[in-house]
Amino acid sequence: TWCTINEPWTQCVLGFCFGSHAPGRSGAPGVEPYLAGHHMLLAHAEAVAAFRVGGFQGRIAMVLNTEWYEAQDPENPADQAAKERALAWGGLG
């Protein structure tokens, strides 16, 4: 298995929205993370095309990061509901 880009969310959001990761930008959080993501998708597509044209064998993909949540108190309905909301927000619910 080959990977083209590792955890693009981390690079887009932490690098171009909050500025806590390289390149440390946070001046246009409503624009730059989306531009970064767009260009990462373009780069991924180019890498996949080169992979296929080059006759390489195997699978190729991006490495996507995900989050998992647990209720602080599994017996507490409010904690369970908070966990479910968090998982649904992250696309895992």
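- Put simply, the side chain of I60 does not reach to within 4.5 Å of the side chain of T1, judged on heavy atoms.
- Distance check: C3 SG to R59 CZ gives 12.0 Å after rounding to the nearest 0.5 Å.
- In this structure the side chain of E7 never reaches within 4.5 angstrom of the side chain of L64, judged on heavy atoms.
- Two different hydrophobic clusters hold V63 and M40 under the rule that ILVMFWY side chains link at heavy-atom gaps under 4.5 Å.
- Atom CZ of residue F16 and atom CZ of residue R25 lie 7.0 Å apart, to the nearest 0.5 angstrom.
- Taking both residues in full, the closest heavy atoms of P23 and G15 are given as CD-O, 3.6 Å, listed atom of the first, atom of the second, then distance.
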- Item | Derivation of the side chain to side chain donor-acceptor pair (under 3.5 Å) call for W68 and E70 | CA-CA 7 Å; W68 185 256; E70 295 288 337; 2.6 Å; yes

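- The cluster map of Ile, Leu, Val, Met, Phe, Trp and Tyr, joined by side-chain heavy atoms under 4.5 Å apart, puts W9 and F18 in the same cluster.
- Looking at heavy atoms from C-beta onward, H21 lies out of side-chain contact with Q11 at the 4.5 angstrom threshold.
- Smallest separation of non-hydrogen atoms from H44 and T4: ND1-OG1, 2.6 Å.
- A distance of 11.0 Å separates NE2 of H39 from CD of E32, quoted to the nearest 0.5 Å.
- In this structure, the side chains of Q80 and P74 come closer than 4.5 Å at one or more pairs of heavy atoms.
- With a 4.5 Å cut-off on side-chain heavy atoms, T10 and N65 count as touching.
- Looking at L41 and M62, their side chains come closer than 4.5 Å, going by heavy atoms from C-beta outward.
- We find the OG-CG distance between S26 and L14 to be 11.5 Å, quoted to the nearest 0.5 Å.
- No continuous path of ILVMFWY side-chain contacts below 4.5 Å connects V53 to F56, so the two sit in separate hydrophobic clusters.
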